[in-house]
Trainee: 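Can you keep this structure in mind? I'll have questions shortly.
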4 protein chains.
Amino acid sequence: MAKQKKGSPPGRIKIMKALSELMKKKDFHSITTSGIAAEAGVTEGLIYKYFKDKKDLLYQVLKQHFEAFQEKIEETTQGESSSLDKLALVIRCSIESYAANRVFARILLLEVRSSPDYFKCAAYDMVKRYAKTILEIIRQGQVSGEISRDVDPHAFRQVILGSIEHACLKEVIFGSEIDTDRVSERISRILFKGVQP
Amino acid sequence: MAKQKKGSPPGRIKIMKALSELMKKKDFHSITTSGIAAEAGVTEGLIYKYFKDKKDLLYQVLKQHFEAFQEKIEETTQGESSSLDKLALVIRCSIESYAANRVFARILLLEVRSSPDYFKCAAYDMVKRYAKTILEIIRQGQVSGEISRDVDPHAFRQVILGSIEHACLKEVIFGSEIDTDRVSERISRILFKGVQP
Amino acid sequence: MAKQKKGSPPGRIKIMKALSELMKKKDFHSITTSGIAAEAGVTEGLIYKYFKDKKDLLYQVLKQHFEAFQEKIEETTQGESSSLDKLALVIRCSIESYAANRVFARILLLEVRSSPDYFKCAAYDMVKRYAKTILEIIRQGQVSGEISRDVDPHAFRQVILGSIEHACLKEVIFGSEIDTDRVSERISRILFKGVQP
Amino acid sequence: MAKQKKGSPPGRIKIMKALSELMKKKDFHSITTSGIAAEAGVTEGLIYKYFKDKKDLLYQVLKQHFEAFQEKIEETTQGESSSLDKLALVIRCSIESYAANRVFARILLLEVRSSPDYFKCAAYDMVKRYAKTILEIIRQGQVSGEISRDVDPHAFRQVILGSIEHACLKEVIFGSEIDTDRVSERISRILFKGVQP
DNA sequence: CATGAATGAGACTTCATTCAT
DNA sequence: GATGAATGAAGTCTCATTCAT
């Protein structure tokens with residue numbers, strides 16, 4: 001119900017599923033439209049009925065994954081009142097999502113970034129919203145006194161995002177397991193308290 | 001003298017330079033061998049005399065950039081005795097390199113990571129060495145008491161690398177300027193002291 | 001009706017015909033895919049929709065020719081009861097086919113034999129069937145007493161096949177005419193009765 | 001001494017040997033000049049110092065092999081006075097040569113025949129001489145009464161050559177062993193006495 | 001006697017994409 | 001709602017060959 005818009009014709013759904021499926025194993029560039037069609041059990045032509053082009057298809061798939069992600073992030077942080085706890089939750093939840101959803105991670109971390117037109121697509125808008133959410137939490141933390149005023153919010157956000165991504169990158173690339181709990185705790189520990197004794 | 005091995009035939013050098021040049025503007029996938037040849041002023045065939053294929057050429061270029069980078073890192077940190085100062089220098093120097101050398105940054109941050117065979121190439125070996133250097137500095141810091149023992153060295157390294165990369169990513173993608181000093185200082189500030197007041 | 005399976009798309013048929021046509025004048029290696037496409041009046045890409053590669057196309061064409069050939073051989077020998085007469089017919093019919101169908105002869109006698117993968121393709125299976133047919137006729141002849149028991153069937157088959165091929169080779173190479181009747185009669189005469197007075 | 005002309009420069013010899021060597025495993029078309037140069041331990045350019053082109057090199061190698069072959073045939077048949085015995089010896093000797101010298105066999109049976117310019121090269125002259133020798137023996141046999149007058153000499157020669165070649169073809173292609181004695185005896189048996197009881 | 005750098009033509013192949021049905 | 005035939009542009013790569021040194 002949350003996964004596909006109700007009115008979606010079967011072919012459209014099959015095609016998106018097919019790309020998702022193929023991206024578990026291969027990178028986008030080595031996936032061909034004919035491969036997608038074969039996996040979906042439809043003809044190549046049909047892809048162009050529903051998507052402007054191959055990249056558009058990718059962005060649609062990404063957006064679909066992202067909606068679920070964003071929803072979860074917002075749900076999770078809602079109840080929490082402490083800013084640092086919220087951030088810890090965002091970190092945890094992001095890593096969890098990457099871990100649980102390799103395709104999403106692959107696309108986001110490795111595929112789309114190199115094409116300039118990604119930054120104009122609908123899916124990127126959601127990334128911006130996600131980033132904005134984090135920035136707001138940081139600012140709240142500074143207002144409430146949980147976070148030091150001499151920390152630059154943008155820099156902090158960068159460090160958070162970078163840490164999350166780098167933590168997942170290797171496992172996404174090599175397909176290894178991610179120990180979500182350990183990884184996210186360690187990151188939070190370092191970022192919040194620093195490394196000095 | 002440091003840039004090319006003297007024995008290299010002129011054509012080889014021209015080809016590598018041509019790819020470097022083209023990567024300032026386009027991503028690797030949209031660069032064609034015929035484009036490279038044209039830019040280098042040689043014939044397409046010559047590329048395959050010196051490089052196994054287009055990817056091999058990319059890795060050679062990357063490796064060449066990396067050698068300069070690695071050299072600089074080692075030079076820079078040599079004189080320093082404090083571990084945290086060394087790490088701050090590594091961060092600064094890395095960001096500086098990315099900032100000064102967009103091609104290198106593009107390749108490393110956006111292009112190669114999605115191809116599995118990159119991780120088997122010679123250039124990746126240098127990445128590993130770079131990463132190892134950082135890990136060793138962290139461990140020295142723990143021995144000397146500068147860095148808290150309850151910080152996991154691998155996690156800390158991940159946070160460092162992630163922060164560096166993410167800090168540069170946007171500017172590399174959009175071609176904007178990086179204020180090396182400010183960015184690196186802020187990162188070090190957060191990572192070393194944490195964000196709590 | 002016997003020539004192409006009705007389901008074949010027009011492009012596929014045109015391509016196969018084009019190769020057949022071109023092979024009348026040139027050898028396979030000097031025929032290019034672009035030449036084939038031009039002759040067929042389709043685009044080069046279409047070749048690869050229907051055939052794995054250029055060689056696959058060749059083998060398909062060969063197989064098609066072979067099916068007609070095999071059919072004819074079987075038809076021809078059906079009515080005959082004497083083994084030697086059957087063999088004479090096989091010889092005659094084979095030479096006739098080579099004579100009437102230079103393309104087929106060229107491919108079989110000169111082109112495919114040097115590529116190891118020909119011997120794994122479907123067309124070669126038909127050659128084996130043809131050879132088997134001959135062997136069986138020989139054995140029947142020995143059973144019926146027409147052919148001496150101290151003649152080795154395999155050796156005899158070799159001699160038959162070799163004689164047929166060599167008889168046609170020169171004319172295939174130089175494009176000269178073959179006097180089917182005379183050639184086949186002479187071969188049968190020698191093979192059956194020997195050369196001693 | 002018989003193998004190379006005395007004055008041959010070392011490079012020339014190395015190149016010819018290299019091609020011979022490579023042809024033991026691969027067919028001529030898939031052997032590249034660069035492969036030849038590598039095997040010979042010289043540079044590609046040198047090939048064109050000594051040979052007009054790649055094909056010329058092939059013909060030179062063939063000719064060299066052929067000289068040894070021709071010499072042996074003539075030696076062998078010299079002493080014999082009976083025509084049929086001479087022919088039996090030619091058959092035996094030819095098969096023996098093919099068996100012992102796969103490269104020679106490969107070139108002659110599989111490679112050169114499809115190029116029209118082979119028939120203008122020096123090596124082909126030797127083939128003609130060999131064929132002529134056989135024809136003369138057959139005619140002598142008819143004069144002496146050993147061979148029936150109603151056998152056409154050309155047809156008989158064709159049968160002989162075809163039988164020899166076909167007998168060796170499979171083993172040359174697949175690299176299997178040839179039992180020279182058995183094969184040649186069986187062929188002579190059939191050709192001379194026929195197959196009727 | 002030989003090298004090594006470079007060429008150039010073209011080969012095969014791939015793929016996203018379109019359009020009539 | 002979907003098919004299937006066809007396109008066309010480009011892309012990577014191969015290889016025989018030449019020539020200055």
Side-chain angles (χ1 to χ4, degrees), chain A residues 8-12 14-15 29-37 40-57, chain B residues 7-15 29-37 40-57, chain C residues 7-15 29-37 40-57, chain D residues 8-12 14-15 29-37 40-57:
Chain A
S8 265
R12 189 175 202 275
K14 278 194 266 175
I15 290 166
H29 257 108
S30 46
I31 293 172
T32 65
T33 47
S34 104
I36 296 168
V42 300
T43 53
E44 270 183 277
L46 196 61
I47 296 173
Y48 294 87
K49 265 254 145 26
Y50 297 122
F51 307 94
K52 206 175 71 54
D53 55 26
K54 204 184 142 196
K55 246 178 200 160
D56 181 40
L57 166 58
Chain B
S8 267
R12 190 176 201 277
I13 295 168
K14 279 193 265 174
I15 291 166
H29 255 106
S30 45
I31 293 172
T32 65
T33 48
S34 103
I36 297 168
V42 300
T43 52
E44 254 180 293
L46 197 62
I47 296 173
Y48 296 88
K49 268 255 137 61
Y50 298 121
F51 306 95
K52 208 175 69 52
D53 54 26
K54 205 185 138 197
K55 243 177 203 164
D56 182 39
L57 166 57
Chain C
S8 268
R12 188 176 203 277
I13 295 168
K14 280 194 263 174
I15 291 166
H29 255 105
S30 45
I31 293 172
T32 66
T33 47
S34 102
I36 296 168
V42 299
T43 51
E44 253 179 294
L46 197 61
I47 297 173
Y48 296 89
K49 267 255 138 59
Y50 299 121
F51 307 95
K52 210 176 68 53
D53 54 26
K54 205 185 138 197
K55 244 179 201 162
D56 182 39
L57 166 58
Chain D
S8 266
R12 188 176 204 278
K14 277 194 266 175
I15 290 166
H29 256 108
S30 46
I31 294 172
T32 65
T33 48
S34 105
I36 297 168
V42 300
T43 53
E44 270 181 277
L46 196 61
I47 296 173
Y48 294 86
K49 265 255 143 29
Y50 297 121
F51 307 94
K52 204 175 75 48
D53 55 26
K54 204 184 143 198
K55 246 177 202 163
D56 181 40
L57 165 57

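Residue numbering restarts at 1 for every chain, and letters A, B, ... go by the order of the sequence lines.
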Trainee: Just checking F51(C): base, sugar-phosphate only, or nothing, at a heavy-atom cut-off of under 4.0 Å?
Mentor: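 The residue F51(C) makes no contact with any strand.
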Trainee: Measure from the side-chain heavy atoms of P9(D) and tell me the nearest of dG8(F), dT3(F), dC1(E).
Mentor: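 The listed nucleotide nearest to P9(D)'s side chain is dC1(E).
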Trainee: Distance from I36(C) atom CD1 to I15(C) atom CD1, nearest 0.5 Å?
Mentor: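 That separation rounds to 8.5 Å.
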Trainee: Output one line per pair: protein atom, nucleotide atom from nucleotides 10-13 of chain F, and distance, for all N/O pairs under 3.5 Å.
Mentor:
residue: dT12(F); atom: OP1; partner: K54(B); partner atom: NZ; Å: 3.0
residue: dT12(F); atom: OP2; partner: T33(B); partner atom: N; Å: 2.9
residue: dT12(F); atom: OP2; partner: T33(B); partner atom: OG1; Å: 2.9
residue: dC13(F); atom: OP2; partner: Y48(B); partner atom: OH; Å: 2.7
residue: dC13(F); atom: OP2; partner: K54(B); partner atom: N; Å: 3.1
residue: dC13(F); atom: N4; partner: E44(B); partner atom: OE2; Å: 3.4

Trainee: Quick check for you: to the nearest 0.5 Å, what is the distance between L57(A) atom CG and R12(A) atom CZ?
Mentor: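 The distance works out to 9.0 Å.
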Trainee: Does K52(D) have any side-chain contact (heavy atoms from CB on, under 4.5 Å) partners at least two apart in sequence or in another chain, and if so, which?
Mentor: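 Testing K52(D) for side-chain contact (heavy atoms from CB on, under 4.5 Å), a comparison that skips the adjacent residues, returns D56(D).
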Trainee: Rounded to the nearest 0.5 Å, what separation is found between the OH atom of Y48(B) and the NZ atom of K54(B)?
Mentor: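 It comes to 8.0 Å.
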Trainee: Tell me every residue that passes side-chain contact (heavy atoms from CB on, under 4.5 Å) with S34(A), counting only those two or more places apart in sequence or in another chain.
Mentor: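 So S34(A) forms a side-chain contact (heavy atoms from CB on, under 4.5 Å) with T32(A), E44(A).
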Trainee: Given dA5(F), dA6(E), dT3(E), identify the nucleotide with an atom nearest to the side chain of P10(C).
Mentor: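 Among the listed nucleotides, the one closest to the side chain of P10(C) is dA5(F).
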Trainee: Could you state the atom-to-atom distance from CG of D56(D) to P of dT17(F) in whole Å?
Mentor: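 Taking atom P of dT17(F) as the reference, CG of D56(D) is at 10 Å.
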Trainee: Please enumerate all residues that pass side-chain contact (heavy atoms from CB on, under 4.5 Å) together with S30(A), with sequence neighbours excluded.
Mentor: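 Counting only residues at least two positions away or on another chain, S30(A) forms a side-chain contact (heavy atoms from CB on, under 4.5 Å) with K26(A), D27(A).
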Trainee: Within this structure, what is the NZ-to-C1' distance between K49(A) and dA16(E), rounded to whole angstrom?
Mentor: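 After rounding, the reported distance stands at 16 Å.
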Trainee: Take the protein atom CD1 of I15(C) and the nucleotide atom C1' of dA5(F), then report the distance between them rounded to whole Å.
Mentor: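 Rounded to whole Å, this separation is 11 Å.
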Trainee: Report the distance from atom OH of Y50(D) to atom C1' of dA16(F), rounded to the nearest whole Å.
Mentor: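 Checked: the OH to C1' distance equals 19 Å.
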Trainee: Hunt down any stem DNA chain F takes part in, defined as 3 or more consecutive Watson-Crick or G-U pairs whose two distances are each under 3.5 Å.
Mentor: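 In DNA chain F, stems of three or more pairs: E:2-21 with F:2-21.
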Trainee: Quick one: pull up OG1 in T33(B) and CZ in F51(B) and give me the separation to the nearest 0.5 Å.
Mentor: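 If we round to the nearest 0.5 Å, T33(B):OG1 and F51(B):CZ are 13.0 Å apart.
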Trainee: Could you state the atom-to-atom distance from CD1 of I36(A) to C1' of dT3(F) in whole Å?
Mentor: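 Result: 17 Å.
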Trainee: What closest approach, in Å, do Y50(B) and G11(B) show between heavy atoms, and which atom pair accounts for it?
Mentor: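 Taking every non-hydrogen atom into account, CE1-C, 4.3 Å.
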Trainee: Which residues pass the side-chain contact (heavy atoms from CB on, under 4.5 Å) test with K55(A), not counting sequence neighbours?
Mentor: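 K55(A): side-chain contact (heavy atoms from CB on, under 4.5 Å) contacts with F28(A), D53(A), Y59(A), S115(A), D117(A).
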Trainee: Rounding to a whole Å, what distance do you find between I47(D):CD1 and dC19(F):P?
Mentor: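 Nearest whole value for this atom pair: 17 Å.
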Trainee: Here's a test of your reading of the structure: between T43(A) and L46(B), which maps to the more 5' nucleotide of DNA chain F?
Mentor: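 Mapping each residue to its closest nucleotide by heavy atoms, the 5'-most match is T43(A).
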